[in-house]
Engineer: 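Pasting a structure here, questions to come.
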Amino acid sequence: LLAMGIPVAFRNARMLSWALTGSMLFNLFYVSQYDIKDLEPYFMQTLFTFAFYAAFGMKRLFIQLKKPMMAPALLFFPIMALGIHFKDSDQSRTTFFEDYTNTALQSIEPNSLLITQQWDFLIPPYYYLRTVENKYPNLMVLDKELVRRSWYVNKQAVLLDSGIFSGAQAEKELFLQNLKPFEENGPYDGNQIELSYQGLLGKIMTEQLKRRPVYLGLECIQNDGVKIPAGYRLVPVGFWMKLVPASEGYVPAKIPQFKPNFPANWTGKGDAGYYADFIKTMWNGSCQNRAQYEASFGKNAEAQAWAAAVL
């Protein structure tokens with residue numbers, strides 16, 4: 001159908017055909033530069049162009065048949081494609097991201113600050129749940145990596161929490177000052193940007209801790225990530241690491257009821273795919289860390305319970 005439809009489309013809708021073809025080629029080039037796991041939505045422009053050409057192919061085939069009664073038979077092609085691919089493409093019953101986000105956020109205090117970089121898993125669902133469903137109005141999720149961009153620091157983060165930079169204005173201005181040459185493609189000092197970025201995050205943590213609990217994702221502190229301010233330490237509490245003064249004693253925590261349902265048609269085939277692997281690695285690591293924490297306080301029963309919670 002595509003082979004039949006392309007010449008017909010250029011004869012009947014030349015300008016539109018050229019525009020769609022150019023857009024499709026740009027789309028393919030653009031997507032080829034991406035190195036992310038969920039590329040499928042980025043091919044929508046290309047798929048739309050294919051559908052456009054296929055429609056003209058069906059038109060040509062209909063004309064060549066010269067039998068109006070055969071027109072319904074042309075529906076065989078899209079129906080066949082739908083039947084072949086529907087099961088693998090259907091995500092209508094996939095609620096994992098919503099379930100994970102709700103479980104993870106409900107495991108901490110409702111007015112907490114959570115610093116994480118789980119864009120593929122938690123941050124977009126959090127935006128939806130907060131802005132559309134009006135959930136978690138006082139819980140602030142700060143994207144660790146987007147803090148590296150001035151538009152996020154100046155606008156997005158403040159829209160979600162007007163007081164997120166309270167007490168950290170000097171650190172914020174220093175970071176933005178160092179970042180500006182980089183964003184404007186001028187000469188910049190990468191070390192100074194990183195130092196001021198870490199200084200800003202550290203000040204946010206210590207200032208916010210004066211008025212609410214502060215949590216970090218385990219992924220944030222791996223591979224020399226977020227630097228923990230002097231005088232503080234992290235305690236594993238379920239999905240997250242809780243920031244507490246170094247002098248604080250035992251910090252209790254309940255085991256979240258987490259029973260993920262990984263859809264079988266995910267990229268990588270269900271519980272063996274990228275999404276499932278990340279969540280299981282984070283959860284299992286947190287459970288093991290908490291078990292060791294409980295054991296260090298002589299709470300053997302609690303330690304065993306946390307060790308048994310691994311997936």
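Computed from heavy atoms alone, side chains included, the values below leave out hydrogens, waters and symmetry copies. Bear in mind that the values here come from a model prediction, so they are computed numbers and not experimental data. The first residue in the sequence is number 1, and the count goes up from there.
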Engineer: Just by distance, with hydrogens left out, do Y232 and E248 show a side-chain donor and acceptor under 3.5 Å apart?
Structural biologist: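 On atom types as modelled, these side chains do not qualify, holding no pair under 3.5 Å.
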
Engineer: Ignoring hydrogens and geometry beyond distance, is a side-chain donor-acceptor pair present between N154 and S150 at under 3.5 Å?
Structural biologist: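 Per modelled atom types, N154 and S150 side chains form no pair under 3.5 Å.
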
Engineer: Going only through I, L, V, M, F, W and Y residues with side-chain contacts under 4.5 Å, is there a path from F297 to V244?
Structural biologist: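 Yes, same cluster.
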
Engineer: Cut-off 3.5 Å, side chains only: do Y188 and E183 have a donor facing an acceptor?
Structural biologist: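 The answer is no; no qualifying pair exists.
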
Engineer: Can you list the steps and then say if F52 with L16 is a side chain to side chain contact (heavy atoms under 4.5 Å, CB included)?
Structural biologist: CA-CA 10 Å; F52 174 78; L16 181 57; 3.7 Å; yes

Engineer: Might you work through the side chain to side chain contact (heavy atoms under 4.5 Å, CB included) test for N178 and Y197, ending with a clear yes or no?
Structural biologist: CA-CA 9 Å; N178 290 328; Y197 164 75; over 6 Å; no

Engineer: Between the main-chain N or O of L160 and the side-chain N or O of R130, is there a donor-acceptor pair closer than 3.5 Å?
Structural biologist: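 It does hold such a pair.
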
Engineer: Answer yes or no: is there a side-chain heavy-atom contact under 4.5 Å between R290 and V235?
Structural biologist: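 Heavy-atom side-chain distance check passes, below 4.5 Å.
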
Engineer: Does any N or O in the side chain of N284 come within less than 3.5 Å of the main-chain N or O of K280, such that one atom is a donor and the other an acceptor?
Structural biologist: yes

Engineer: Can F175 be reached from L146 by stepping across I, L, V, M, F, W or Y side chains whose heavy atoms are under 4.5 Å apart?
Structural biologist: yes

Engineer: With the 4.5 Å side-chain cut-off for hydrophobic clustering, are M241 and W306 part of the same group?
Structural biologist: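 Different clusters.
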
Engineer: Does either side chain, that of Y136 or that of N102, offer a donor lying less than 3.5 Å from an acceptor on the other one?
Structural biologist: yes

Engineer: For ring-ring contact (aromatic ring centres under 6.0 Å, His included), just list the numbers for F239 and Y215, CA-CA rounded to whole Å, side-chain angles, deciding distance to a tenth of an Å, and then say yes or no.
Structural biologist: CA-CA 10 Å; F239 292 95; Y215 294 87; over 10 Å; no

Engineer: Is atom CD of Q169 surrounded by more than 12 heavy atoms (other residues, nucleotides or ligands) closer than 6.0 Å?
Structural biologist: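 Atom CD in Q169 is crowded, with more than 12 foreign heavy atoms closer than 6.0 Å.
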
Engineer: Would a single hydrophobic cluster contain both V251 and L234, if residues Ile, Leu, Val, Met, Phe, Trp and Tyr are joined by side-chain heavy-atom contacts under 4.5 Å?
Structural biologist: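 As far as the 4.5 Å side-chain criterion goes, V251 and L234 are connected within one cluster.
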
Engineer: Distance-only, no hydrogens or angles: does the N185 side chain make a donor-acceptor pair with backbone N or O of P181 under 3.5 Å?
Structural biologist: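 No; judged by distance alone, with no hydrogens or angles, the pair does not exist.
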
Engineer: Quick one: do the E194 and Q198 side chains pair a donor with an acceptor below 3.5 Å?
Structural biologist: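 Q198 and E194 do have a side-chain donor-acceptor pair below 3.5 Å.
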
Engineer: Same cluster or not: M4 versus M80, using hydrophobic residues (I, L, V, M, F, W, Y) connected whenever any side-chain heavy atoms lie under 4.5 Å apart?
Structural biologist: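 Same cluster: M4 reaches M80 through Ile, Leu, Val, Met, Phe, Trp or Tyr contacts under 4.5 Å.
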
Engineer: Decide whether T103 and Q257 meet the rule of one side-chain donor and one side-chain acceptor closer than 3.5 Å.
Structural biologist: no

Engineer: For F56 and N12, what are the C-alpha separation, side-chain angles and deciding distance, and is it a side chain to side chain contact (heavy atoms under 4.5 Å, CB included)?
Structural biologist: CA-CA 9 Å; F56 276 95; N12 290 270; 3.8 Å; yes

Engineer: On a heavy-atom basis, which atom in P125 and which in T101 lie closest, and how many Å separate them?
Structural biologist: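 Smallest heavy-atom distance, with atoms named: CB-OG1, 3.3 Å.
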
Engineer: I'd like to know if the side chain of S166 pairs up with that of E207 as donor and acceptor (distance under 3.5 Å, no hydrogens or angles considered).
Structural biologist: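 There is no such pair between these side chains.
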
Engineer: E145 side chain to Q118 main-chain N or O, any donor-acceptor pair under 3.5 Å?
Structural biologist: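 A pair under 3.5 Å: no.
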
Engineer: When the ring planes of F278 and F121 are compared, do they come out parallel, tilted or perpendicular, using 30° and 60° as the limits?
Structural biologist: parallel

Engineer: Spell out, as yes or no, whether a donor-acceptor pair under 3.5 Å connects the side chain of Y127 to the backbone of V132.
Structural biologist: no

Engineer: Please lay out, stage by stage, how R212 and D161 fare under the test salt bridge (charged side-chain N to carboxylate O under 4.0 Å, His left out).
Structural biologist: CA-CA 13 Å; R212 60 179 174 184; D161 188 334; 2.6 Å; yes

Engineer: Got C220 and Q117 here, is their nearest side-chain heavy-atom distance under 4.5 Å?
Structural biologist: yes

Engineer: Students often mix this up, so state it plainly: with edges at 30° and 60°, are the rings of Y53 and F10 parallel, tilted or perpendicular?
Structural biologist: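 Geometry flag for F10 against Y53: parallel rings.
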
Engineer: Kindly say whether T116 contributes a backbone atom to a donor-acceptor pair with the side chain of E219 at under 3.5 angstrom?
Structural biologist: no

Engineer: Which heavy atom in A168 sits nearest to a heavy atom in K203, and how many Å separate them?
Structural biologist: CB-CG, 3.6 Å

Engineer: Other residues, nucleotides and ligands only: do more than 12 of their heavy atoms fall within 6.0 Å of CE on M15?
Structural biologist: no

Engineer: Quick one: does NZ or CZ of K299 land under 6.0 Å from the six-membered ring centre of Y250, within 45 degrees of the ring axis?
Structural biologist: yes

Engineer: Suppose we call two aromatic rings close when their centres sit under 6.0 Å apart. Are F96 and Y275 close by that rule?
Structural biologist: no

Engineer: Provide the closest heavy-atom pair for Y293 versus G249 in the form atom of the first, atom of the second, distance.
Structural biologist: OH-O, 3.6 Å

Engineer: At their closest point, which heavy atom of A104 faces which heavy atom of L122, and how far apart are they?
Structural biologist: CB-CD1, 3.9 Å

